[in-house]
**Q** 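Let me give you the structure first, and then I'll get to my questions.
This one's a predicted model, so the numbers in the text were calculated from it and none came from an experiment. Naming: A, B, ... by sequence-line order, numbering from 1 per chain.
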Amino acid sequence: MVTAKGSMLRKNTVRFGGDQLFEYSVMAIAALNLILVWFLAVIMFSDAWPSIDRFGIGFLVGADWDPNRDLYGALPFVFGTLVTTGIAMLIGVPLSIGIAIYLSELAPLRLKDPLSFIVELLAAVPSVIYGLWAMYALRPVMVDTVEPFFQSVLGWTPLFQGEPIGLDKFTAGVILAIMVIPTIASVSKEAMMAVPDSQREAALSIGATRYEVTRMAVLTYARSGIFGACILGMGRAIGETMAVAMTIGNANKISWSLLDPGQTMASLIANNWGEAEGIQLSALIEIGLVLFFIALLVNVFARAVIGRFMSRIPTTGGGL
Amino acid sequence: MTTIFVYIFINMSNSDIGVYAERHQEPVFSIVLDGKTRIERCEDMSELEKTKTGDNGKSVVMPHRGGRTRLLIASVVTAVIIISAAVLMGVVLSENKIESVTLIGAGATFPMPLILKWADVYYNKTGQAVKISYLGGGSGAGITQIKNKQVDFAGTDAPLSATDSSTYGLVHIPETLGAVVVAYNLPGVESLRLDGPTLARIFMRNITAWNDPAIASLNPNITLPSNQIKTIVRSDSSGTTFVFSGYLSVVSNEFATLYGQGKSVNWPDVIGASGNPGVTQTIKTTPYSIGYIELAYAITNNVPYAMLKNRDGNFVGASLDTISAAASGTTLPAGDGDWSGVSILNAPGANAYPIASFTYILIYKELYNEQSKMNKSAAKALVDFLWWVVHEGQSYASGLYYAPLPQSVVSVNEATLDSITYKGEPIR
Amino acid sequence: MNAYEYRRLKNRLASGLALTCVILAMIPLLYILASVVMKGAPALSWEFLTNRTVGTGEPGEGIGNAIVGTLLLVLYASMIGLPVGILTGVYISEYGNNRFGATVRFFNDVLANFPSIVIGLLAYALVVTYLNVGFSLIAGAVALAIIEIPIVANTTEEALRMVPNSLREGALALGISRWRTVIKVMLSSAKAGIVTGALLAIARISGETAPLLLTAFYSNYWSFSPTEPVASLPLTIFRNYNSPSEVLLEQAWGAAIVLIMIVLSLNVSVRLFMRRNANKGQKVRMR
């Protein structure tokens, strides 16, 4: 990337003006993000303090959530969030990338725009509607078809034990996957469409098939954009409340079987927020803090480990 | 912020992108003339050089072939028009023609339909002068909001503790009665009878099969299936759970010790659904299930519910009469007193339904405070509204499946409302 | 099978796989759209769209004020959130190759992953409580703007990254100042991605429920002052869902249709507008 620091171009800014001003104003606005996160952290800490004070570090590994005895712990919900988000990403990311590839590379022109529309439109559907649909339409399908299927194939693993009733982590994961697909697919599609044709042409010119062109040229170049799309999608999955609350069965316990009900942090907060007061409210906000930190950790992990391969856009080197 | 952004965009057109122009071989000048900008073509490259150094008082503008600049200005103007239209629309559509008062309330979802009905009727009755907005969001949220003085009144299913009501200066006004029913899904079974202790044992998972002797003995005329009972409970904190668990605590010491009354309960081995509609829907679609919901949901969704044995030993189903019967015998404290012990669960009375409860409106005894700075007309409107609610308003209750307040309760409310003050002076 | 045929087979398989993904994902997505339309269509009528909400499910109730409320909330939120988001994305992409830039990007990601109810809490603490505006339209707009910012910033940053360096270098080489390069050249080239991001963000915030509970609250009346509570479509859906009335539940689905239609028309009009301009502003073609 050209930085032009200390170059002749920079010195010319006397007349052109505005360069410094622009850079500093944009920097100030960008700093707003930091300020916002800082504020959020401060407010949450202060509201959660009574709970932090009482439970200390034990909160993170506590497995009880009993408002009647004022005993609170986060472990079952951390587990639930990780499991459901994991399922959502596992199902959602490949499907989204497949859709993005289709929309950007393979679709006939007449289908491209309508399909893209539909996909983007679904980002607007409120989560309540997703939840309602999941309750009325998805759950019967899961109970009658999907879950028995998985149980017959993978029933020997601890993941698919128990009787399927449809209100469980698996169903929650599936509805989350459906919810993140529009986001990840749209943004990935944009990233792929922004890959210069020169890249594709270069690959084609050495005799690559469509698939190889996509893999070599498009996906490589658009890696970072796709990754960003996944981060956005994951953001929605981690924080989703209504749709999860209506499908996960809301049991405050840890269980390895995907067919057992569970609970996520966001859904717990949404479920109990309205009625909570005092120490319970503080505990809920502390859960929010834990959610914040988990999201942070996952982000760090993702950016560091996976992002290392993706942070550099390959430079085109010259006027292609 | 929008203005700054727009400013940058507009000013872009008068830019010194003479190099662009040079490359395109068609530079055009702009001259500021009496405050107007005129576009002039330039033929000579030397003139361009002079312009770049600012010698001839002109500045270079990008070729607007394609009308890009014009388009930009057009879009900005359109945006401004749209924004002002929107704001104007908001202002115009607002019914600000009459001097009106807006009151805000938050809290329990249980009485929400009734409170909204009252709000609507009262709005029309006062010639649109009093606007009342109520958002269910949970009793806890309502209580927090009124403690923060962000709302004018709060709705709660569970009464406040004595310390809370005295510390904050809040009074309780029971505005209606409701009941929690035990809904079930038993194919082929039209009516079911249960009693308190059996119910408690079912929800404690001591009784797990439908044809358990305890249930069978209460239902001699029915053959019960041998299937396992699936207990459905509220996953979210709620007043409904508070009332139901309160009843179970009253009729079963074991339940009271192990679980207790609360807005959420650590139920053993249950399926949790969110909200009354969630539980209702889950019961309807899960055979051999049993759960607890508010009466209105059972009626509007055609879900059968059990007849319960009341304290006097009669099996009663929930109905407006049986609910009112449960409330008629209670003695209530003064509005600003300690309501934490008020309960009409398992009430005495031949026709009393055992799982009935009040739901309360909370307001400040002294309506003026530094933070909300409520004005006198709003305060009067609030008290008048509540007075109307406990009198004429009660006639709207039965249409929405709420039970009207018995006269004894209305009298207590009258006394409470008479004691509400504004800056020390009673309002009524 | 020789190497070439093998590669062709892989190609076919991959295409088939991509198509399968689309079909697999389209089934639930279309099913949802169809369910919403089928369940909500009975509720649609002129009265439905113009009458105000009441909350009892009796005839004569509509969602008119909720429609206006959502439009205003989204408008105000975008007036704050879009510029901040785009400029943040510009910063990270163009000037952010340093520690500060990396920090901003990181915190931007973190902001994107906050549950929306917590963002509502922030707006509640700042606008409703601290500034003592109370439950209000402006508080709701602030909460929605905060949700919008990371989405827009992320997509803007990625879109700007995808602009080939040659464009950037060429413009600078011609003597165009840095900031003009960014605004005129880069943003125009990245237009498509940025607009997609903005539309996605708007679509997302139109459907947000939880933050509005704590900020914009609700109102059954036709008043849209920035400092008063305001009705909104997602909260109407939420409230109707929690009520026992069948009529209200049907209206909830109807409200969902209206919401989707609003986002749809916004999408369509913006795309049409862009297409009309795509051929006017010439892309800078470098030799």
**Q** Can you see which heavy atom on A:Leu106 is nearest to which on C:Ala18, and at what distance?
**A**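 Scanning both residues completely, I find the closest heavy atoms to be CD1-CB, 3.9 Å.
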**Q** Which one wins on heavy-atom pair count under 4.5 Å against chain C: A:Val195, A:Val187, A:Thr214, A:Leu36?
**A**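 Heavy-atom pairs under 4.5 Å are most numerous for A:Leu36.
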**Q** Relative to chain A, which segment of C:Leu24 carries a heavy atom at a distance below 4.5 Å: side chain, backbone, both, or neither?
**A**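 The side chain, not the backbone.
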**Q** Are C:Val118 and A:Ile285 side-chain neighbours, meaning at least one heavy-atom pair lies under 4.5 Å?
**A**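 Side-chain contact under 4.5 Å: no.
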**Q** Would you indicate whether the side-chain heavy atoms of A:Met27 and C:Val104 approach each other to under 4.5 Å?
**A**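 C:Val104 does not reach A:Met27 side chain to side chain.
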**Q** Report which part of A:Met246 has an atom under 4.5 Å of a heavy atom belonging to chain C: side chain, backbone, both, or neither.
**A** side chain
**Q** Against chain A, label C:Ile151 side chain, backbone, both or neither, depending on which of its atoms sit under 4.5 Å from a heavy atom there.
**A**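 Its backbone and side chain both get close to chain A.
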**Q** What are the two closest non-hydrogen atoms of A:Ile181 and C:Ala25, and how far apart are they?
**A** CD1-CB, 4.1 Å
**Q** What are the two closest non-hydrogen atoms of C:Arg7 and A:Thr209, and how far apart are they?
**A**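 Smallest interatomic distance, heavy atoms only, reads NH2-N, 3.9 Å.
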**Q** Side chain, backbone, both or neither: which part of A:Ser116 has an atom under 4.5 Å from a heavy atom of chain C?
**A** neither
**Q** Mark yes or no for whether A:Asn33, through its side chain, and C:Asn108, through its backbone, hold a donor-acceptor pair below 3.5 Å.
**A**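 Flag not set: sc A:Asn33 to bb C:Asn108 has no pair under 3.5 Å.
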**Q** Please tell me whether C:Thr155 and A:Glu190 have a donor and an acceptor in their side chains that are separated by less than 3.5 angstrom.
**A**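 Note: C:Thr155 and A:Glu190 side chains miss the donor-acceptor criterion.
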**Q** A:Met44 versus chain C, heavy atoms under 4.5 Å apart: side chain, backbone, both or neither?
**A** side chain
**Q** Is it the backbone or the side chain of A:Leu40 that comes under 4.5 Å from a heavy atom of chain C, or both, or neither?
**A**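 Both backbone and side chain.
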**Q** Write down the atom of A:Tyr211, the atom of C:Asn11, and the distance for their closest heavy-atom approach.
**A** N-OD1, 2.6 Å
**Q** Are any non-hydrogen side-chain atoms of A:Phe39 and C:Leu122 less than 4.5 angstrom apart?
**A** yes
**Q** Between A:Ser224 and C:Arg161, is there a side-chain donor-acceptor contact under 3.5 Å, judged purely by atom types and distance?
**A**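 The answer is yes; a qualifying pair exists.
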**Q** How about A:Trp133 and C:Tyr31: do any of their side-chain heavy atoms sit closer than 4.5 Å?
**A**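 Yes; the side chains approach each other to less than 4.5 Å.
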**Q** Applying side chain to side chain contact (heavy atoms under 4.5 Å, CB included), run through A:Leu132 and C:Trp253 and close with a yes or a no.
**A** CA-CA 10 Å; A:Leu132 281 175; C:Trp253 292 102; 3.8 Å; yes
**Q** Counting only non-hydrogen atoms closer than 4.5 Å, does A:Leu95 touch chain C with its backbone (N, CA, C, O), its side chain (CB onward), both, or neither?
**A** both
**Q** For side chain to side chain contact (heavy atoms under 4.5 Å, CB included), just list the numbers for A:Ile101 and C:Leu17, CA-CA rounded to whole Å, side-chain angles, deciding distance to a tenth of an Å, and then say yes or no.
**A** CA-CA 10 Å; A:Ile101 291 177; C:Leu17 201 62; over 6 Å; no
**Q** Side chain, backbone, both or neither: which part of C:Val110 has a non-hydrogen atom closer than 4.5 Å to chain A?
**A** both
**Q** Counting only heavy atoms closer than 4.5 Å, note whether C:Thr20 contacts chain A via side chain, backbone, both or neither.
**A**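 No part of it gets close to chain A.
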**Q** Looking only at heavy atoms, what is the nearest atom pair of A:Pro94 and C:Cys21, with distance?
**A**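 Nearest heavy atoms, A:Pro94 then C:Cys21: O-SG, 4.0 Å.
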**Q** If I measure from the heavy atoms of chain A, does C:Arg12 come under 4.5 Å with its side chain, its backbone, both, or neither?
**A**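 Neither; nothing under 4.5 Å.
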**Q** Considering only heavy atoms, which portion of A:Val141 lies under 4.5 Å from any heavy atom of chain C: side chain, backbone, both, or neither?
**A** neither
**Q** Taking all non-hydrogen atoms of both residues into account, name the closest pair between A:Gly98 and C:Val22 and its distance.
**A**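 Of all heavy-atom pairs spanning A:Gly98 and C:Val22, the closest is O-CG2, 4.4 Å.
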**Q** Heavy-atom cut-off 4.5 Å, strictly under: side chain, backbone, both or neither for C:Leu30 against chain A?
**A**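 For C:Leu30, side-chain heavy atoms alone lie under 4.5 Å from chain A.
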